[in-house]
Amino acid sequence: MRALFLLLLILSLAAAAPAQTRKTLDIYVVDVEGGNATLFVTPSGESLLIDTGNLGPVAAPRDAGRIMAAMKDAGLQQIDHLIITHWHGDHFGGLAELASHVTIKEFIDHGPNVQPAEAPDNFLKDVYPKLYSKAKHTVAKPGDKIAIAGLNATVVASAGNIIANPLPGSGKPNPECATFKGGDNNAEDPQSVGTFFTFGKFRTVHLGDLTRNMEFKLMCPVNRLGTVDVLLGLHHGQASSNSEVMVHALHPRVAIMNDGTRKGGEPDTMKSVFSSPGMEDLWQIHFSQLSGQEYTVPGMFIANTLDEPLNAMPVNPIQAPAPGPNTPPPPVHNGTAYWIKLSAQQDGTYTVTNTRNGFTKTYKPGDSK
Ligand SMILES: [Zn+2]
Ligand SMILES: [Zn+2]
C-alpha cells in the first residue's frame, strides 16, 4: 500500500514538473525567402522573435506558418518578445497574420517609419496599434536590455543611433577602418534595431539590415561590439552591408545568412565573409543566383532548394535585375521550407544543424582558430 502511494506520488510529481528540459539557447533561422525571422528560445522557454517575414497574400501566411512551425518545434505557446527591426515589408510583413494565431506579449521597434510608403504607413496607422494595445510596446534605445530571463540581450543600435560606450571588454581600435568603403541604400535599413546577445560564454549579434555607414559608426574608430562566435542575418547577405569593418572585426567563426534565391550573397559580401579572419563556415538559407557557384558554399550548408529544383545551378553570379514590370521573378520557393537551428551551451560550445539534410556540426571553444 505504501509502495503504491509512493508510486502515485512520484507519478503526480512527474506530471506536475515542467516539460521543459532544455539547457541550451536555441536559435531558429527561419526561411522567409530573403526576409528575416529569427527565433531565440532560452532554457526556461522564454522566447524572442526578430521579425516576421514578408508581406503579401501568399507570402504573409506562408512566412507566419513557417514561424509557427519553428515555435511548435521549440514547444512554444506564445512569443514573449518581438523585435521588428525596421518598417520594410520583408521584416514586418507576416506580423498581422502571425498575431492572428499567436499571443505576442511585447512589441519592440525603433519608432516611426522614416521612409514613407503606403504599406508600412497604413500598417502603422491601422493595424499595429491594435496589435500592441493589449500587450507591451517598447521603442528601443541603444543600451536598452531586453528583459528575457537567461539571456543577456543589449540593443546596440536603433533609429540610426548607436550605443554611447563600447560593450564590456570591447573598444579596441579597428584596423579595417582605414580601408572602409561606405554606402547607404534607403532610409529605413539604417534605422534597424541591432541586438547583441551573450549566453554564458556564447556571443552572437543580429543587426537587422544596418547598412555600411551604420557599420562604420558602430565599429570605427574603435570596435564597440567586440567579437562574436556567430554572426546572424547579414542583411540577407546584401552588399550594402557586410563591410570588412563589421564582419572582420567581429571575428565570427560561423555566419548564418538569411538570403533569398535572388537576394543577397553578392560577390562583395562573399569576399568579405570568406576573407574574414577565423571564419570557418557560412550557412545559407538559400542558394542565391547573385552568388552563382563561383561564390556559394557547398550545398550541405544550404537549407533550402526550390519548388522546381534546377538540374544545375549557374556558375557565374548574375546582377540583380532592376525592379520593374518586366523583371523576371526570382526562382520560387513556397513549398516545404527548412530552418537552420543553432543550439548554444553556456560554456560557448554550439551546434548548427541544416534541417533539410540533417547535416550538423559542433563548434567547441578550444578548437577555434
Ligand atoms: Zn525558401
Ligand atoms: Zn530586409
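Remember, it's 1-based here, ligands and their atoms both numbered in the order they're listed. Reckoned from all heavy atoms, side chains included, excluding hydrogens, waters and symmetry mates.
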Please name the atom of Asp209, limited to N, O or S, that comes nearest to the Zn ion (ligand 2). OD2
Just by distance, do the side chain of Thr327 and the backbone of Gly324 share a donor-acceptor pair under 3.5 Å? yes
Considering only N, O or S atoms, which atom of Asp31 is nearest to the Zn ion (ligand 1)? OD2
ND1 (His333) to the Zn ion (ligand 1) to OE2 (Glu33), nearest 10°, is 90°
Looking at the Zn ion (ligand 2), is there an N, O or S atom belonging to His236 that lies under 2.8 Å away from it? yes
To the nearest 0.5 Å, tell me how far Leu95 CG sits from Ile84 CD1. 5.0 Å
Plane angle bin for His236 and His91 - parallel if under 30°, tilted between 30 and 60°, otherwise perpendicular: tilted
For NE2 in His91 and OD2 in Asp90, the angle at the Zn ion (ligand 2) (nearest 10°) is 100°
Determine the sole option in Thr52, Leu131, Ile108 for which the side-chain contact (heavy atoms from CB on, under 4.5 Å) test with Leu82 is passed. Thr52
Heavy-atom nearest pair, Val245 first then Phe180, reads CG1-CD1, 3.7 Å
